[in-house]
Amino acid sequence: MNKPLRPCREINCNILTRETWCESHKKNAQETTRNYNRYNRDDNTEGLYHSGEWRRLRQLALIRDNYLCQRCLKNKKRSKAQVVHHIIEVKDDWSKRLELDNLESLCHRCHNQHHKTNS
């Protein structure tokens with residue numbers, strides 16, 4: 001059985017696909033992720049996201065937010081949260097990396113939009 005068609009995750013792209021990204025955005029998404037991991041993340045940050053402490057805290061944030069994207073809710077939409085985002089970025093204040101109050105649950109679209117506008 002085939003997966004249902006859904007919009008590409010690229011902001012403002014309405015091409016329907018069975019994958020995460022349409023063919024025109026797939027390569028761009030992979031390159032963006034590779035560059036982000038190579039140039040923007042340091043070893044400490046990378047280690048944080050692989051720790052059990054982070055996984056537990058991430059799960060708590062998702063439960064607290066009922067697995068719903070908090071930015072979509074503010075816009076009176078409902079969408080599933082897939083990302084737990086640091087409000088104050090880890091690279092800006094390392095001490096807030098494991099504070100539940102510094103986390104918000106977001107969908108991929110809102111998280112990507114935030115990082116595209118704040119880069």
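Because the structure is a prediction, the values reported are computed rather than measured.
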ask   = With the 4.5 Å side-chain cut-off for hydrophobic clustering, are Val84 and Ile63 part of the same group?
value = yes
task = List the atom of Cys107, the atom of Lys80, and the distance in Å for their closest heavy-atom pair.
result = CB-O, 3.4 Å
message = I'd like to check His86 versus Leu103 (side-chain heavy atoms, cut-off strictly below 4.5 Å). Are they in contact?
response = yes
message = Using the rule side-chain contact (heavy atoms from CB on, under 4.5 Å), only one of Leu98, Leu62, Asn102 pairs with Leu57; which is it?
response = Leu98
inquiry  = So which atom in Cys13 and which in Pro7 form the shortest heavy-atom distance, rounded to 0.1 Å?
reply    = O-CB, 4.2 Å
N/O donor-acceptor pair under 3.5 Å between Arg55 side chain and His50 backbone = yes
request  = Would you give the length of the straight line joining atom CD1 of Ile88 to atom CG of Asp101, rounded to the nearest 0.5 angstrom?
outcome  = 10.5 Å
request  = Supply the atom-to-atom distance His114 NE2 to Glu89 CD, rounded to the nearest 0.5 angstrom.
outcome  = 5.0 Å
ask   = Do Leu60 and Trp54 sit in the same hydrophobic cluster, where Ile, Leu, Val, Met, Phe, Trp and Tyr count as joined when their side-chain heavy atoms come under 4.5 Å apart?
value = yes
ask   = Rounded to the nearest 0.5 Å, how far does NE2 of His115 lie from CG of Leu106?
value = 8.5 Å
inquiry  = With a 6.0 Å cut-off (strictly less than), is the heavy-atom count around CZ of Arg18, excluding the residue itself, greater than 12?
reply    = yes
key: Presence of salt bridge, Lys116 and Glu10, under 4.0 angstrom   = yes
query = Can you name the nearest heavy-atom pair linking Ser79 to Cys72, along with the distance?
reply = OG-SG, 3.0 Å
key: Spacing of SG belonging to Cys110 relative to NZ belonging to Lys77, to within rounding of 0.5 Å   = 7.5 Å
task = May I ask you to check whether over 12 heavy atoms, not counting those of Asp92, lie within 6.0 Å of atom CG?
result = yes
note = Minimal heavy-atom distance between Arg97 and Trp94, with the atoms involved, is NH1-O, 3.0 Å
ask   = Between atom SG of Cys8 and atom CZ of Arg109, what is the distance when rounded to the nearest 0.5 Å?
value = 7.5 Å
Residue pair Thr17 / Cys22: nearest heavy atoms and the distance that separates them = CG2-N, 4.1 Å
inquiry  = Could you tell me if the side chain of Trp21 sits less than 4.5 Å from the side chain of Asn28, heavy atoms only?
reply    = no
key: Minimum heavy-atom distance between Arg64 and Leu100, given as atom pair plus value   = NH1-O, 2.9 Å
Validation row: Glu104, Arg71 side chains within 4.5 angstrom (heavy atoms) = yes
Gln70 side chain reached by His85 side chain, heavy atoms, under 4.5 Å = no
task = Drop me the distance from His108's NE2 to Cys69's SG, to the nearest 0.5 angstrom.
result = 11.0 Å
ask   = Would you call Leu16 and Arg6 a side-chain contact if the rule is heavy atoms closer than 4.5 Å?
value = no
